[in-house]
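Worksheet: one structure, shown below.
We use all heavy atoms of the structure for the numbers below, so side chains are in, but hydrogens, waters and symmetry mates are not. Residue numbers start from 1 in every chain, and the chains themselves are labelled A, B, ... in the order their sequence lines are given, proteins ahead of strands.
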2 protein chains.
Amino acid sequence: MKPDTPHNETDAAGNGFIPNLAVDVVVFGFHDTELKVLLMQYSKTGLYALPGGFVRLNENLDDAAKRVAGERTGLRDISPEQFRVFGDMARHDPTPFISFMAADGGKPDPNHWLFQRFISVGYLALVDFTKVTPTPDKIFDSCNWYNLTDIPPLIQDHSAIVAAGLQWLQVILDSKLAGFNLLPAEFTMAELQSLYETVLGKKLLRPAFQRKMLGMGILERIAKKYSGGAHKAPYLYRFVSK
Amino acid sequence: MKPDTPHNETDAAGNGFIPNLAVDVVVFGFHDTELKVLLMQYSKTGLYALPGGFVRLNENLDDAAKRVAGERTGLRDISPEQFRVFGDMARHDPTPFISFMAADGGKPDPNHWLFQRFISVGYLALVDFTKVTPTPDKIFDSCNWYNLTDIPPLIQDHSAIVAAGLQWLQVILDSKLAGFNLLPAEFTMAELQSLYETVLGKKLLRPAFQRKMLGMGILERIAKKYSGGAHKAPYLYRFVSK
DNA sequence: TTATTATTGTAACATATTGATACAATAATA
DNA sequence: TATTATTGTATCAATATGTTACAATAATAA
């Protein structure tokens, strides 16, 4: 038993956590012109879910999201941002947790705290795909990237949370320079444009895109990249905050 | 005792409500070229606060905010929208509630549920100032409009919640036609512009503003208004959704 | 070594949007 | 009937965005 994790993290009472409150994190990555989402799976039942967790009694809400996202990705320097709270009664559905426990052989305690109604704060984490080590948790024994265009059915309202997370990303993409969190430290203009096109779901004109990005004054040109292709090699860029 | 209100709404255990979770509503109105906020006061201590409340065990989160805003304004047809969750430990400060109870003569139970740490969902309600009947609640015995430019110190982090609500309003003002909820059914272009200027905190050029508003195709021109001034009378407009 | 190819970087122009000025129209008052 | 203040909008200027075009060039092939 790890000393920094309460031994009652999944006990029937939920001691140590704020009741009825959860955080679910939509972790987006970008790879091969595809947006990827980090999903958990409980192999015995095959059910998929978002990385999620609960808020400790003396823990900042944002820190809970950071902890959850950090544990699933191995990343320490991320700051997930809340984008919406999901608080309808309609989202209450304990059957996935009942089936988890049934699959483990035990007889589920009908008063288990996980079966209660939960209000969940949705967080968005934008990460460098290449830096992530997907890591399972105590409930879900697998954790992996999935193409956003091809996600399996998720438990409860998690599909709606993913959809809302994408919508939010589209909104903040321009204003918050969110895109740069999804790319490695150095990238080509073509990669940046591909990211924008994937997130926004539409083609952009190359000259206008390049003009706009360079006009923001937040890109530093580094060196030539040898593309390997039979054509002019693109510059590499680095993001620099003003 | 009203049958539709749990008798334990403010008892020491907080039964019937989700623990550690609150909703606070920033109710904005617009009157005399000023943005107004609805604030509660507990007269014996003089402390001010946002209209707020708790979430019933079987209540949708949004419905809790609607209930709270409805009870304080007398309006039934409003849909407050969440704009941010406030979940830092730093916001935890039970002293206002302790002083309320002390002022009432009773000896505060140190384990009273109100003294616990709360995570609060901030909601924004945009209302027609002229339609509101400010109504106190069980904790605060007064409820009134205050000029946003001149709000008294508020308990806990409620000032920050108001500030965040205003910022959010500035963001959604254009995209969500939020302004129209703040005006009466019929209004002049000058009134609409004044609202925009007040919310955004800057002057706008009249011809460009008018062109933009008319260009959106959501305004219906009604009839002449007799302004009473020694000048050309303005049109009246009505908002029509497409 | 020299074409060929595919892609990059950007100039150049067209179009659309927004900023700013100007002015006729007009409702109340003098 | 002249005066005044404000409204509605035309007009032009400035800026931003959409689009086409083309020279530059890195790898490959002739």
**Prompt:** Is any side-chain nitrogen or oxygen of B/Gln210 closer than 4.0 Å to OP1 or OP2 of D/dT7?
**Reply:** no
**Item:** Nucleotide nearest B/Lys232 when distance is taken to its side chain, options D/dG8, D/dG18, C/dG9
**Value:** D/dG8
**Request:** Any chance you could lay out the salt bridge (charged side-chain N to carboxylate O under 4.0 Å, His left out) test for B/Asp77 and B/Lys131, step after step, and finish with the verdict?
**Result:** CA-CA 11 Å; B/Asp77 59 342; B/Lys131 293 260 168 52; over 6 Å; no
**Sugar-phosphate only, base, or nothing, as touched by B/Pro207 at under 4.0 Å among non-hydrogen atoms** = base
**Asked** Between atom NZ in A/Lys203 and atom C1' in D/dG18, what is the gap in whole Å?
**Response** 17 Å
**Item:** Whole-Å gap separating C1' (C/dA16) and NZ (A/Lys212)
**Value:** 16 Å
**Prompt:** Between A/Arg84 (side chain) and A/Val121 (backbone), is there a donor-acceptor pair under 3.5 Å?
**Reply:** no
**Prompt:** Which distance, rounded to the nearest 0.5 Å, do you find between the CZ of A/Phe83 and the CD1 of A/Ile172?
**Reply:** 10.0 Å
**Request:** Scan B/Ala233 against the nucleic acid and name what it touches under 4.0 Å (heavy atoms): base, sugar-phosphate only, or nothing.
**Result:** sugar-phosphate
**Asked** Counting side-chain heavy atoms from CB outward, which of C/dA22, C/dT29, D/dA27 is closest to A/Ala230?
**Response** D/dA27
**Message:** In this structure, how many angstroms lie between the P atom of C/dT10 and the CZ atom of A/Arg206, rounded?
**Reply:** 10 Å
**Asked** Once the angle between the rings of A/Tyr146 and A/Tyr48 is folded into 0 to 90°, is it parallel (under 30°), tilted (30 to 60°) or perpendicular (over 60°)?
**Response** perpendicular
**Asked** Out of D/dT6, D/dA21, C/dA20, which nucleotide sits closest to the side chain of B/His231?
**Response** D/dT6
**Asked** Roughly, in whole Å, what's the span from CG in B/Leu205 to P in D/dA13?
**Response** 17 Å
**Item:** Sugar-phosphate, base or nothing in reach of A/Leu214, heavy atoms under 4.0 Å
**Value:** sugar-phosphate
**Complete:** From CG of B/Leu192 across to C1' of D/dT6 the rounded distance in Å is 17 Å
**Message:** Nearest to the B/Arg211 side chain among C/dA11, C/dG9, C/dG19, which nucleotide is it?
**Reply:** C/dG19
